[in-house]
Amino acid sequence: MMAGVGGGNDFQWCFSQVKGAIDEDVAEADIISTVEFNYSGELLATGDKGGRVVIFQREQESKNRLLSRGEYNVYSTFQSHEPEFDYLKSLEIEEKINKIRWLPQQNAAHFLLSANDKTIKLWKISERDKRAEGYNLKDEDGRLQDQFRITTLRVPVLMPMDLMVEASPRRIFANAHTYHINSISVNSDYETYLSADDLRINLWHLEITDRSFNIVDIKPANMEELTEVITAAECHPHQCNVFVYSSSKGTIRLCDMRAAALCDRHSKFFEEPEDPSSRSFFSEIISSISDVKFSHSGRYMMTRDYLSVKVWDLNMENRPVETYQVHEYLRSKLCSLYENDCIFDKFECCWNGSDSAIMTGSYNNFFRMFDRNTRRDITLEASRENSKPRAILKPRKVCTGGKRKKDEISVDSLDFNKKILHTAWHPKENVIAVAATNNLYIFQDKMN
Amino acid sequence: MAGAEGDDSLYPIAVLIDELRNEDVQLRLNSIKKLSTIALALGVERTRTELLPFLTDTIYDEDEVLLALAEQLGSFTVLVGGPEFVHCLLPPLESLATVEETVVRDKAVESLRKISQEHSPVDLEVHFVPLVKRLASGDWFTSRTSACGLFGVCYPRVSIMTHTFESTLITAVMHFRTLCSDDTPMVRRAASSKLGEFAKVLELDYVKSDIIPLFTALASDEQDSVRLLAVEAGVSIAALLPQEDLEDLVMPTLRQAAEDKSWRVRYMVADKFSELQKAVGPEITKNDLVPAFQNLLKDCEAEVRTAAANKVKVFCESLPEDSRETIIMTHILPCVKELVSDTNQHVKSALASVIMGLSTILGKDNTVEHLLPLFLVQLKDEYPEVRLNIISNLDCVNEVIGIRQLSQSLLPAIVELAEDAKWRVRLAIIEYMPLLAGQLGVEFFDEKLNSLCMAWLIDHVYAIREAATCNLMKLVEKFGAEWAQNTIVPKVLGMANDSNYLHRMTTLFCINALSEVCGQEITTKHMLPVVLKMSTDQVANVRFNVARCLQKIGPVLDSSALQAEVKPVLEKLATDQDMDVKYFALEAISGMYLFNLPTYIFSETFSFSSILFFFFSFSLSP
């Protein structure tokens, strides 16, 4: 059922919701910096540059509103990180949320990890629907009563009240990262997680905040010899001992934590030989991997570099099994993209629930989907223009040379300020969340 | 303050009850900790019908409050009306057993286990067993993990007392089996860590038929964290089984654990090796554990080698006596020899902390021939921690071969540590000095080590100077006052003329430490004049330390010296221009003479001269 990415006969993507202000001038703090569904897909979390986390909850499907299947509404909003100042290094620490990762649900409450550049926090989001009533020394309005009137003792009783959602910080994992945290990933043993910065990867126990184990350290003794940095890291979804990390050189290393306490030596090294004919000044920059994600099955992993998405079979290290061009038409524009720094944008990528399709972002509020079985791909746009309920998203086309056809957009008219870096796919259904600057778009499939 | 109509004894209780939901966590915590007072005031009836239902739903609170609550409820039986009503405590504890915080859950389980003992067999079956079943089949893993810890306590009592003996037990085993194959690793970990305990309460037949398969399954779980916990369970199970069953039932699994692909599991085996050795007995130790131990000592992961190295002495000690020496000499010692030159400092330092213990096991000849060379290598190790660990255990060797054998190599090692650039290393070696002095004897000490001890007194780190003064005191305790007078006192007193005021202060600190052990004569004759002379020092810090020093050595001095020499000096210091000098001089005066004065003499309203008046009137009256 989920085989199609929207271009085929299976289904079409249609607009469901858009969150965030419509104003043209966007406050920096409102820019969404991460999007993540929880394990069941019932909750969707976003983090922004202002250090806030917003959690959306899917409404129960109601029978009388057949058309609107479970919309996501705000469930809880809280300030996860505040701006800080490191006095020892004279450095400002931004409050921007770099990553959010949900923990598998363990009781009625929900838990997530949120990280800015330096600090990771474990948040608990819980509901409360009862309130204690009855005091001995004051009346219901809180006025103090005279103490000598006490003739009997009153035990408070719990009374039902309106549902209240509370977010409370449970643990703060700080002071373990010298560089900026780019990834956090919960291990499948559900008791540890890893956090990666530019040069190191640390392993934490979820219940212990005062120590973490450094498992990868690529910092050279002499910083002038530094040639590559860690760009992303993730734990294997099932094998608790396996994790991967990607580098700015376009390579991925797979490590086995069983083998040794320190994973400086990798078990597998994934690298595609470079095509000498296409070598240019920008080769190294555009080959830098901005995101790595294991498939749900654990058999494959997907990497995103500047121009393409690659799918690797964990059993084959010398080249990816699939390569999809995201916006190949930008290859001729690299020079200007370098000048406006866009070439350093870190696009993320995601799998659908059954690993049959993948999604990643592009410029001009475009995002791309690739069907792995049919090899079909589609470009869609997150925009206010067709944000009517149930409106079907029209595929977009970028003119890649020759004469521009009707409906096509020329490369020169693409807006490079509108970029889609963060997207998320519901773990079980065809529901996607796409972050476009300060707006969060939710699209879903339209059944025919 | 209280009025006539009300009962003022209720007031404090009313406050406690209200503070159960105060905004301030600390107040809530205080209130929870006095829960028994509240319950006592309410009486058993209201505690059962009102307080407990309220507490059952108070699971939103902070961890520390919940933790205190879980603990309190464990000893609440009397307050709800005795064993007859103890089951009323189950609902609040049940809800606490499902919270996400492990410490709270564990405490709730602990309390549940405690009150399970107070249930009658019937109540146990009617109330407690259903609770365990509810937890075991709960939706969330938190409740299922808690259930793992409860099977062990409730079933032995049920099963013996009731007719449904077999069926209850079978359900228990069945539930436990389900938990062992739970989808989430958290529950399997909890099951794995409680398996040994559960096995202990079961009949041997059940252990063999039901627990062993569970153990085997958990020990080959896909999650490293589950497998490593199974090791401990394996040790407990092995201790339960008769010798003839061990080989077939647990050894294959344990062997496999010792060679697990994951270093964390092997680490666990190494860490539990002594317990394992005890559980399986001498025969299996000889045949199986010795080669396994050798492998662990040669493991490719340093963490595992460290854990194994830590166990070398205990392992060797517990070997069966008839073959102990042969096994050590042919199997263990070769591995130990390799570890001495390991690449990892933690491995070497773990080994250094136990290797000396082998000498008592192997006796004089073997120690001299085989161990001594290893000690000597470790004494020259590049890492100070290794050398320190050897030095700290010197007494073991001294008993066997005498320290003379080592002293030639010991000295350079000590000197090097004494001059190490890291002050923590210097601090560590100072702490071993009294031990070394005792082992090496006074002559060797005077000749080689005395100068080191004196050099520390002028170290540039205060912590070292402080430790050095303390060290001198311990040395004098060992070697006696006469030795002190001849060797160290002159040097200490010589520093009183040093140009550096910190060194002059060190003299005072040394005198503080030494006066008592040196006795009255030395203190009065040699030390006191120096202290008194220093009262005119130009540095205020030295002067106020003179005052403190005089107070400290006062009890050692005789009263004529106090009156004639100390008093005038303190009086003079009490008129010093420096605030601190004045303060400490006055404190010394009051500390030495005016014990029983009320404290208000120090308040501002009293002039300085009135204090002196007090002082004079007291000291002159007899």
Side-chain angles (χ1 to χ4, degrees), chain A residues 103-111 122 124 126-138 142 144-160 164 166 168 170-171 187-192 205-208 213 238-242 256-262, chain B residues 1-8 10-11 13-18 20-21 38 41-42 46-47 49-54 56-58 60 62-63 98-103 138-143 145 184-186 189 222-226 260-267 300-304:
Chain A
L103 262 56
Q105 199 173 0
Q106 46 186 339
N107 58 10
H110 297 272
F111 290 81
L122 176 67
K124 174 185 181 179
S126 56
E127 293 180 358
R128 173 185 285 209
D129 58 359
K130 283 192 193 126
R131 190 163 59 94
E133 276 180 14
Y135 283 99
N136 285 296
L137 301 179
K138 39 188 171 180
L144 283 179
Q145 290 181 350
D146 294 334
Q147 59 183 22
F148 51 77
R149 295 234 188 95
I150 299 169
T151 47
T152 53
L153 290 172
R154 250 177 105 183
V155 177
V157 236
L158 290 162
M159 303 300 278
M164 199 167 82
E166 295 175 316
S168 48
R170 303 297 290 184
R171 308 233 193 284
N187 193 316
S188 63
D189 63 13
Y190 302 149
E191 73 173 352
T192 56
H205 193 285
L206 279 163
E207 294 190 354
I208 299 168
F213 295 97
H238 314 301
Q239 288 167 330
C240 60
N241 49 291
V242 172
D256 186 344
M257 288 189 273
R258 286 179 305 184
L262 199 62
Chain B
M1 273 206 278
E5 319 96 290
D7 180 356
D8 58 336
L10 288 181
Y11 179 71
I13 310 288
V15 174
L16 278 181
I17 295 180
D18 284 0
L20 278 175
R21 50 207 180 95
I38 298 177
L42 289 171
R46 292 191 68 195
T47 300
T49 55
E50 294 177 48
L51 186 61
L52 289 181
F54 171 69
T56 305
D57 284 322
T58 324
Y60 301 111
E62 302 281 331
D63 307 334
T98 62
V99 301
E100 69 281 354
E101 208 56 52
T102 317
V103 280
D139 283 342
W140 304 118
F141 88 83
T142 45
S143 79
T145 48
T184 68
M186 297 80 125
R189 272 199 293 276
E222 56 169 17
Q223 291 281 341
D224 300 354
S225 51
V226 178
D260 197 281
K261 275 189 102 170
S262 170
W263 69 267
R264 288 162 69 198
V265 178
R266 298 197 305 273
Y267 174 91
C300 56
E301 172 56 42
E303 299 277 347
V304 180

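Computed from heavy atoms alone, side chains included, the values below leave out hydrogens, waters and symmetry copies. Convention: sequence-line order gives letters A, B, ...; per-chain numbering from 1.
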Do any N or O atoms from the side chain of A:N107 and from the backbone of B:V99 form a donor-acceptor pair under 3.5 angstrom?
-> no
Which portion of A:T192 sits near chain B, non-hydrogen atoms under 4.5 angstrom | neither
Which portion of A:A259 sits near chain B, non-hydrogen atoms under 4.5 angstrom = backbone
Could you give the distance from CZ (A:R258) to NZ (B:K261), rounded to the nearest 0.5 Å?
-> 4.0 Å
Picking from B:E62, B:E303, B:E301, B:E100, which has the most non-hydrogen pairs under 4.5 angstrom with chain A?
-> B:E100
Considering only NZ, NE, NH1 and NH2 on the basic side and carboxylate oxygens on the acidic side, decide whether A:R171 and B:E101 come within less than 4.0 Å.
-> yes
Measure the shortest side-chain to side-chain distance between A:C240 and B:E222 over non-hydrogen atoms and say whether it is less than 4.5 angstrom.
-> no
A:M257 and B:W263 have their tightest heavy-atom pair at O-NE1, 2.9 Å
Closest approach of A:S188 and B:P185, non-hydrogen atoms and distance?
-> O-CG, 3.4 Å
Is the closest basic N to carboxylate O distance between B:D63 and A:R170 below 4.0 Å?
-> yes
Is there a side-chain contact between A:D189 and B:R189, using heavy atoms and a 4.5 Å cut-off?
-> yes
Side chain from CB out, backbone as N, CA, C, O: work out which of these in B:E50 comes under 4.5 Å of a heavy atom of chain A, or both, or neither.
-> both
Is it the side chain or the backbone of B:T98 that comes within 4.5 Å of chain A heavy atoms, both, or neither?
-> backbone
Considering non-hydrogen atoms only, spot the tightest contact between B:D18 and A:N136 and give its length.
-> OD1-N, 2.8 Å
Non-hydrogen atoms of chain B under 4.5 Å away: do they reach the side chain of A:E207, the backbone, both or neither?
-> side chain
Quick one: closest heavy-atom pair of B:R21 and A:P156, and the distance?
-> NE-CB, 3.4 Å
Any donor and acceptor pair, going by atom type alone, linking the side chain of A:E191 with main-chain N or O of B:M186 inside 3.5 Å?
-> no
Contact leader toward chain A among B:L42, B:T145, B:V226, B:T142, where contacts are heavy-atom pairs under 4.5 Å | B:T142
Scanning both residues in full, the closest heavy-atom pair of A:A132 with B:F54 reads CB-CE1, 3.8 Å
Could you tell me which portion of A:Q105 (side chain, backbone, both or neither) has an atom closer than 4.5 angstrom to a non-hydrogen atom of chain B?
-> both
Pick one of side chain, backbone, both or neither for B:V15, based on which atoms fall under 4.5 Å of a heavy atom in chain A.
-> both
Is any side-chain heavy atom of B:R46 closer than 4.5 Å to a side-chain heavy atom of A:L153?
-> yes
Do other residues, nucleotides or ligands put more than 12 heavy atoms under 6.0 Å from the CE atom of A:M164?
-> yes
